[in-house]
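What follows is a short report on a single structure.
Below, chains carry the letters A, B, ... as their sequence lines are ordered, and counting in each starts from 1. Computed from a predicted model, the values in this text were never measured in an experiment.
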There are 2 protein chains.
Amino acid sequence: MKATMKDVAKLAGVGVGTVSRVINGVRVKDSTLKKVNQSIQELGYEPDIYARGMKTNRSNTIALIVPTIWHPFFSEFGFHVEKELKALGYKIFLCNSTGDPAVEDEYIQMIKQNKVDGIIGITYTDIDKSVSSDIPFVSIDRHFTSKVTIVAADSKQGGEIAFNELNKRGCQHFAFVGTHQDKESETKNRRIYFEKSARRAGKKISILDFEEPIIDFENQVQKFFIDNPTIDGLFGINDFLAMDVMKELEKLGKRIPEDIQVIGFDGVKLSEEREYLMTTIRQPLETMAKVAVEQIMNAINGDPIDYKTIIPVTFIEGSTTKN
Amino acid sequence: MKATMKDVAKLAGVGVGTVSRVINGVRVKDSTLKKVNQSIQELGYEPDIYARGMKTNRSNTIALIVPTIWHPFFSEFGFHVEKELKALGYKIFLCNSTGDPAVEDEYIQMIKQNKVDGIIGITYTDIDKSVSSDIPFVSIDRHFTSKVTIVAADSKQGGEIAFNELNKRGCQHFAFVGTHQDKESETKNRRIYFEKSARRAGKKISILDFEEPIIDFENQVQKFFIDNPTIDGLFGINDFLAMDVMKELEKLGKRIPEDIQVIGFDGVKLSEEREYLMTTIRQPLETMAKVAVEQIMNAINGDPIDYKTIIPVTFIEGSTTKN
DNA sequence: CTGAAAGCGCTAACAT
DNA sequence: ATGTTAGCGCTTTCAG
């Protein structure tokens with residue numbers, strides 16, 4: 001049978017309150033501290049966090065909601081979030097929403113029933129409607145109408161950098177390839193400010209912005225580049241899409257970076273020790289995770305929070321641009 | 001204030017026991033069922049899983065321990081495990097051990113304190129010593145001395161297939177590049193049976209098996225291929241290592257698959273909808289996840305379990321072999 | 001079929 | 001500084 005606080009108290013010859021104090025680091029007399037600790041050792045006592053939760057109404061658990069942990073962008077983010085939270089003594093429920101609102105609702109219900117202290121989520125549905133306003137929620141990238149805290153990489157800056165770096169490398173005809181949904185998200189600024197920068201510089205620019213879900217990707221991409229044969233600088237809304245486009249470019253006999261230079265977005269790596277896949281704008285996922293955790297902690301503790309944190313991105317030079 | 005079972009009982013004019021029965025799907029009179037459900041609706045009542053856990057000593061939570069969720073092999077596995085578990089009403093604690101025994105111990109402690117019902121783990125330390133024998137543990141790939149359940153892909157078959165496929169494609173001088181630790185793991189069979197198959201067929205074979213951690217990888221790989229210039233068929237212990245070797249091969253001016261054909265292991269994909277990176281032996285991660293979950297459920301429910309399940313692998317043809 | 005009541009192991013308020 | 005005690009919200013006998 002597992003030892004309880006009562007057992008420890010009896011063995012140490014003290015009251016349960018004193019054991020509780022020891023467990024929670026409240027000052028007690030040195031001699032009693034010694035006695036209690038010894039009894040804890042002797043019995044192999046482990047506190048029951050559920051019982052504690054009953055009293056405190058806290059679980060020290062955060063739910064991490066991502067579309068799919070399989071994708072390296074989310075798995076890297078998840079890795080960092082878990083690391084930060086663990087250091088603070090928090091556990092993390094992994095939730096793969098698959099972008100399905102019904103699934104998200106199930107998770108929300110689970111969260112309500114399990115005393116989950118807060119949510120860190122990357123989601124593009126109107127999840128804010130189901131999550132009651134009293135549970136702290138930090139959203140990545142996506143804006144919500146209500147007062148949900150948002151943390152995001154600086155997509156505006158990213159779009160501008162992408163243009164500048166391509167421009168610096170001699171590109172004359174710029175292109176953007178992306179995808180979007182109707183939701184308000186920081187992501188959109190990648191296209192907007194890339195385009196703005198090009199126009200401001202008086203450069204030619206062509207846009208291929210898919211509405212999700214994408215249909216007939218191959219043909220549309222090929223047609224786009226056949227219709228615009230002078231394109232020599234491409235900015236993709238994320239690394240994977242940029243890679244998919246490059247594959248089509250290859251089929252068209254275009255060489256990279258000789259004929260077309262390509263910059264992606266995200267700075268995805270396939271694991272901590274691997275390299276970036278291409279020239280890209282890196283999202284500072286580790287910092288974003290840190291800030292997200294910081295904000296959720298502030299919210300949990302009733303401290304003031306920043307409703308919006310935008311974090312600078314960095315340019316990563318790879319093999320898909322010249323120089 | 002959140003509604004409790006008592007509130008529901010009062011509103012419905014029944015006892016709390018009856019509400020509990022309704023929640024748990026125990027038969028009650030139709031008329032009372034209706035009353036209770038209506039009160040639940042009206043109050044927006046959500047059961048408190050912690051309170052339930054206090055009584056039942058169950059949390060419906062499983063801990064998933066992986067070295068790092070960042071790596072696509074583990075993140076794909078985690079994705080599938082979470083999906084299976086969710087369908088059964090289980091939650092999942094994400095644990096990144098980073099391969100550090102000290103970190104694993106912290107997780108074990110957390111697990112003991114949080115009524116975690118079982119562990120699914122990919123770990124190469126002697127974790128079995130810390131985890132008390134009464135908590136169900138399913139291990140992936142790694143053998144333990146004690147009676148821990150193990151689920152693994154068929155590395156023996158994988159090694160044989162790798163040889164056969166390279167042989168079929170005309171290779172004459174075979175090579176294996178891998179890494180290993182001293183722990184007993186299914187993984188080792190990849191080398192053993194690849195080598196065995198080659199010897200049995202009377203083919204020349206060279207082995208480069210690194211002890212972890214790897215030092216001076218580049219030089220050692222280059223030296224290996226310079227010393228063995230006739231190698232024309234390579235089997236890598238996993239996809240990423242195979243890719244790293246290919247990079248060195250490129251530096252040596254070797255073309256793939258023209259000069260050297262390469263087969264990896266794992267069948268890593270960067271997300272559900274993406275393609276395999278190379279010719280490879282795919283581990284059936286989805287099936288492995290299913291079996292792992294099945295076994296853990298059996299263990300939790302006290303049903304008989306299989307102490308060892310080896311699951312067939314499949315050959316995936318990619319661009320790093322001829323044909 | 002259902003109400004009443006006894007805890008599960010802990011924390012926190014109240015005494016001393 | 002520390003012992004005592006009242007619950008937290010639920011499940012589960014035990015009666016009826």
Side-chain angles (χ1 to χ4, degrees), chain A residues 1-40 43-61 89 91 109-117, chain B residues 1-40 43-61 89 91 109-117:
Chain A
M1 209 48 212
K2 256 189 66 182
T4 90
M5 204 167 245
K6 216 155 134 192
D7 302 327
V8 176
K10 198 180 338 173
L11 181 59
V14 301
V16 288
T18 302
V19 179
S20 176
R21 285 177 196 108
V22 171
I23 294 292
N24 293 290
V26 181
R27 256 212 86 69
V28 298
K29 213 176 7 171
D30 264 18
S31 59
T32 49
L33 176 66
K34 207 147 292 177
K35 277 192 298 182
V36 171
N37 274 331
Q38 189 175 330
S39 304
I40 288 176
L43 297 171
Y45 168 73
E46 301 271 1
D48 181 326
I49 303 296
Y50 266 49
R52 175 183 293 165
M54 287 253 50
K55 289 296 291 185
T56 61
N57 253 312
R58 303 271 244 91
S59 65
N60 278 33
T61 304
K91 286 100 53 186
Q109 193 187 4
M110 181 279 278
I111 284 164
K112 284 180 182 160
Q113 299 183 350
N114 286 273
K115 298 192 193 298
V116 171
D117 297 327
Chain B
M1 210 46 215
K2 255 189 68 182
T4 89
M5 204 167 245
K6 217 156 136 191
D7 301 326
V8 176
K10 200 185 329 175
L11 180 60
V14 301
V16 288
T18 302
V19 179
S20 175
R21 287 176 195 110
V22 171
I23 294 290
N24 291 291
V26 179
R27 255 212 87 67
V28 298
K29 215 182 356 175
D30 262 19
S31 59
T32 48
L33 177 64
K34 208 147 293 175
K35 277 192 299 182
V36 171
N37 274 330
Q38 189 175 330
S39 303
I40 288 176
L43 296 171
Y45 168 72
E46 301 270 3
D48 181 325
I49 304 296
Y50 265 50
R52 173 184 293 165
M54 286 252 52
K55 291 298 291 185
T56 61
N57 253 311
R58 303 270 244 89
S59 65
N60 278 31
T61 303
K91 284 100 53 187
Q109 194 187 6
M110 181 279 279
I111 285 163
K112 284 180 182 160
Q113 299 183 350
N114 287 272
K115 297 188 192 301
V116 171
D117 297 327

Interatomic distance where CD1 belongs to B/Ile23 and P belongs to D/dT12 [whole Å]: 13 Å

Could you state the CG-P distance from B/Asp48 to C/dC10, rounded to the nearest angstrom? 17 Å

Tightest non-hydrogen contact, residues A/Ala12 and A/Ser39, listed as CB-OG, 3.3 Å

Between A/Val8 and A/Val36, what is the shortest heavy-atom contact and its length? CG1-O, 4.2 Å

Under a 3.5 Å distance rule, please check whether A/Asn114 uses its side chain to pair with a backbone N or O of A/Val116 as donor and acceptor. no

Which part of the nucleic acid, if any, lies within reach of B/Asn57 when heavy atoms closer than 4.0 Å are counted: base, sugar-phosphate only, or nothing? nothing

Using OP1 and OP2 only, check whether a side-chain N or O of A/Ser20 sits under 4.0 Å from C/dC10. no

Between the side chain of A/Thr56 and the main-chain N/O of A/Arg52, is any donor-acceptor distance below 3.5 Å? yes

Would you mind classifying the nucleic acid contact of B/Thr4 as base, sugar-phosphate or nothing, using non-hydrogen atoms under 4.0 angstrom? sugar-phosphate

Using salt bridge (Lys or Arg N to Asp or Glu O under 4.0 Å), reason through B/Lys115 and A/Asp48 one step at a time and then give a plain yes or no. CA-CA 8 Å; B/Lys115 297 188 192 301; A/Asp48 181 326; 2.6 Å; yes

Given atom CZ of B/Arg58 and atom C1' of D/dT11, what is their separation to the nearest angstrom? 14 Å

Donor-acceptor pair, side chain of B/Thr32 and main chain of B/Val28, under 3.5 angstrom: no

When you match B/Met54 and B/Arg27 each to their closest nucleotide on DNA chain C, which lands nearer the 5' end? B/Arg27

Please state how far atom OH in B/Tyr45 lies from atom P in D/dG9, giving the value in whole angstrom units. 10 Å

Would you mind reading off the distance between B/Asn24 atom CG and D/dT13 atom C1', rounded to a whole angstrom? 15 Å

Counting just side-chain N and O atoms, does A/Thr56 come under 4.0 Å of either OP1 or OP2 of C/dC10? no

Rounding to a whole Å, what distance do you find between A/Lys6:NZ and D/dT4:C1'? 13 Å

Under 4.0 Å between a side-chain N/O of B/Tyr50 and OP1 or OP2 of D/dT11, yes or no? no

Strictly by modelled atom types, are B/Asn60 and B/Lys91 linked by a side-chain donor-acceptor pair under 3.5 Å? no

Side-chain contact check for A/Ala51: nearest option of C/dT11, C/dG9, D/dC10 is C/dG9

Could you tell me the separation between the NZ atom of B/Lys29 and the C1' atom of C/dG3, rounded to a whole number of Å? 13 Å

Write down the distance between NZ (A/Lys10) and C1' (C/dG9), rounded to a whole number of angstrom. 14 Å

Polar atom pairs (N or O), protein with nucleotides 4-7 of chain C, under 3.5 Å:
unit_1: C/dG7; atom_1: N2; unit_2: B/Lys55; atom_2: NZ; d: 3.0
unit_1: C/dG7; atom_1: N3; unit_2: B/Lys55; atom_2: NZ; d: 3.3

